[in-house]
A.B. asks: 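Take a look at the following structure, please.
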Number of protein chains: 2
Amino acid sequence: MNSFTEENYLKTIFHLSEKADGPVATNSISEVMGNKAASVTDMLRKLAEKGLINYVKYQGVSLTKKGRETAIAIIRKHRLWEVFLVEKLGFKWDEVHDIAEELEHIKAPELVDRLDTFLGHPTHDPHGDPIPNSHGEFQHNEWIILTKMNPGQTGILSGVSEHSTVFLQYLEQQGLLLGTRIKLEEIMAFDGSLKLLINQNQSLSISREAAKNLLMLHEN
Amino acid sequence: MNSFTEENYLKTIFHLSEKADGPVATNSISEVMGNKAASVTDMLRKLAEKGLINYVKYQGVSLTKKGRETAIAIIRKHRLWEVFLVEKLGFKWDEVHDIAEELEHIKAPELVDRLDTFLGHPTHDPHGDPIPNSHGEFQHNEWIILTKMNPGQTGILSGVSEHSTVFLQYLEQQGLLLGTRIKLEEIMAFDGSLKLLINQNQSLSISREAAKNLLMLHEN
DNA sequence: TTAAAAATTTAGGTTAGTCTAAATATTGTT
DNA sequence: AACAATATTTAGACTAACCTAAATTTTTAA
Ligand SMILES: [Mn+2]
Ligand SMILES: [Mn+2]
Ligand SMILES: [Mn+2]
Ligand SMILES: [Mn+2]
């Protein structure tokens, strides 16, 4: 059995592996986890010992099959609990991440699949992230970052890459919920800010900074 | 914030305080928790330091107001999660205790009350134990142990004082679910075993050992 | 191609929670 | 009241997960 701490390391390594390919650096783990690099090195040795990562000194790490499976199982739990908290308990989407950080470590093996059934086998969490099925398979999204769209194009807001409470609350305030139809009207030359048309009737201007975290699906 | 370990000590001290009155002995905590007495002593010093227990060396411990409140909050969570697991996820009553042992330590303050609302403010858990309300108040049961009833009397099975899977499965097999109407017909002189009439039509004999764990409410 | 900068690991320490063995206090029994 | 039995605490050690400071390796860039 893995400790909470080990599970958190695996999750972090998984997420970092998704972004850049090639091995994950000690320092990047250190930065995400808020631990010192020396502490990370200690843990990497332990995870390698347990067969969860491939680790070559000074060369960074990657997850083994077993490590990846473990990480995905945790992410599955995290996202299912987030759905539960929003759909069943009525939490807002900006309130659930930290609670799910705790719940994702509950070990009981039967629990996950029963929760999945209870929730009706959801495919995405409240932030638009895909929920892996019980075999660990992700349904991968064809997301385009809003800033990569061309003026004149329309898409559906389908995910966010920044999960902080302050950002999610900002989106809600602007009426930018998942499922919103957004037309990119213009990108301002001066500061890169974006002029949007929301649901065909409301216009809104947002910063490039905010737009970088909005993940869109083309309509079709 | 208290650690998982501290919370488990508080819960154990609470339960032991309920049984016998007067201070709780180091050895009894040691026995329940499966730790050595020396380890218990270390923890008692720490809990006293934090103002959660009254501790006089060699004289045993009792919970302070703060300690009792903390313990009750954990028990509330434990029992609410047990209800959730049985009512919503379809677990059997003998499967939920260990899972609730994990879930009871989830810290998120809003979660408990939302769960309580979602479940419809249940007053008892799947084993018949009362669930304290959000002010920490228990609705105390007027339970009588089955072995204390007189032959000829009838009551409703309303709780169990032994929560092990093997015992709960045995009860289920015998058709002894919570809510069952039981008439005590006769106590055998030879071995103290009890002859019962269940739901007015089915007769059943159970050992004194088993009967000691069955908590009854008189009909009225 | 080499020296400086950056990344990573090693060495040595700390704290929480556990242990065993030994010391001490309390309780029970003649 | 005194001694034996029992309960409890103290002393000293261990592991997991962290830390700082120093050493080492890799990378960058003159
Ligand atoms: Mn999350
Ligand atoms: Mn999410
Ligand atoms: Mn229980
Ligand atoms: Mn229970």
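Protein chains get the first letters and strands the later ones, always in sequence-line order, with residue 1 at the start of each.
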A.B. asks: A:Glu49 has an atom CD; how far is it from atom P of D:dT15, in whole Å?
C.D. replies: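 From A:Glu49 CD to D:dT15 P: 14 Å.
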A.B. asks: Between atom CE in A:Met43 and atom C1' in D:dT15, what is the gap in whole Å?
C.D. replies: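 Those two atoms, CE and C1', are 12 Å apart.
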A.B. asks: With a cut-off of less than 4.0 Å, is there a side-chain N or O of B:Ser39 near OP1 or OP2 of C:dT18?
C.D. replies: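 For B:Ser39, the contact criterion (side-chain N or O under 4.0 Å from OP1 or OP2 of C:dT18) is not met.
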A.B. asks: Measure the distance from CD on A:Gln59 to P on C:dT9 and round it to the nearest whole Å.
C.D. replies: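 Interatomic distance, CD of A:Gln59 to P of C:dT9: 9 Å.
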A.B. asks: Among C:dT9, D:dA7, D:dC18, find the nucleotide with the atom closest to the side chain of B:Asn27.
C.D. replies: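 For B:Asn27, the side-chain atoms sit closest to D:dA7.
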A.B. asks: According to a strict under-4.0 Å criterion, is B:Ser3 in side-chain N/O contact with OP1 or OP2 of C:dG17?
C.D. replies: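 It does, given that an N or O in the side chain of B:Ser3 lies less than 4.0 Å from OP1 or OP2 of C:dG17.
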A.B. asks: From C-beta outward on A:Thr26, which listed nucleotide comes closest to its side chain: D:dA7, D:dT9, C:dT8?
C.D. replies: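 So the side chain of A:Thr26 is nearest to C:dT8.
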A.B. asks: Calculate the interatomic distance between B:Leu44 atom CG and C:dG17 atom C1'; express it in whole Å.
C.D. replies: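 Going from B:Leu44 (CG) to C:dG17 (C1'), I get 13 Å.
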A.B. asks: Can you measure B:Arg45 atom CZ to C:dT18 atom C1' for me and round it to whole angstrom units?
C.D. replies: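 The answer, rounded to whole Å, is 14 Å.
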A.B. asks: For A:Tyr55 and C:dT8, what is the distance between atoms OH and P respectively, to the nearest whole Å?
C.D. replies: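 Rounded to the whole Å, the gap is 9 Å.
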A.B. asks: Spell out yes or no: do the side chain of A:Asp42 and the base of D:dC18 have one donor N/O and one acceptor N/O closer than 3.5 Å?
C.D. replies: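 Side chain to base: pair present.
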A.B. asks: Which is more 5' along DNA chain D, the nucleotide nearest A:Phe4 or the one nearest B:Ala25? Just name the residue.
C.D. replies: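 Residue closer to the 5' terminus by nearest nucleotide: B:Ala25.
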A.B. asks: Please determine whether a side-chain nitrogen or oxygen atom of A:Tyr9 lies at a distance below 4.0 Å from atom OP1 or OP2 of D:dA16.
C.D. replies: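 Answer is no, no contact under 4.0 Å.
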A.B. asks: Tell me, with the steps shown, if A:Ser161 and A:Asn213 meet side chain to side chain donor-acceptor pair (under 3.5 Å).
C.D. replies: CA-CA 5 Å; A:Ser161 56; A:Asn213 296 310; 3.2 Å; yes
A.B. asks: Between P on C:dA11 and NZ on A:Lys36, what's the gap in Å once rounded to a whole number?
C.D. replies: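 One finds 21 Å between P of C:dA11 and NZ of A:Lys36, rounded.
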A.B. asks: So, B:His127 versus B:His97, ring centres under 6.0 angstrom or not?
C.D. replies: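 Aromatic pair excluded; centres sit 6.0 Å or further apart.
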A.B. asks: What I want to check is whether the side chains of A:Asp129 and A:His163 have a donor and an acceptor closer together than 3.5 Å.
C.D. replies: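 Short answer, yes.
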A.B. asks: May I ask you to decide whether B:Glu69 forms a salt bridge with B:Lys65, counting only side-chain N to carboxylate O separations under 4.0 Å?
C.D. replies: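 Result for this pair is yes, salt bridge flagged.
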A.B. asks: Is the centre of the B:Phe91 ring less than 6.0 Å from the centre of the B:Phe84 ring?
C.D. replies: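 No: the rings miss the under 6.0 Å criterion.
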A.B. asks: What's the closest nucleotide to the B:Ala37 side chain, out of D:dT9, D:dC18, C:dA7?
C.D. replies: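 Of D:dT9, D:dC18, C:dA7, D:dT9 is nearest to the side chain of B:Ala37.
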A.B. asks: What's the NZ-P distance between A:Lys57 and D:dT24, to the nearest Å?
C.D. replies: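 Computing the A:Lys57:NZ to D:dT24:P distance gives 11 Å.
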A.B. asks: Among the nucleotides C:dT8, C:dT10, C:dT26, which one has an atom lying closest to any side-chain atom of A:Ala38?
C.D. replies: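 So the side chain of A:Ala38 is nearest to C:dT10.
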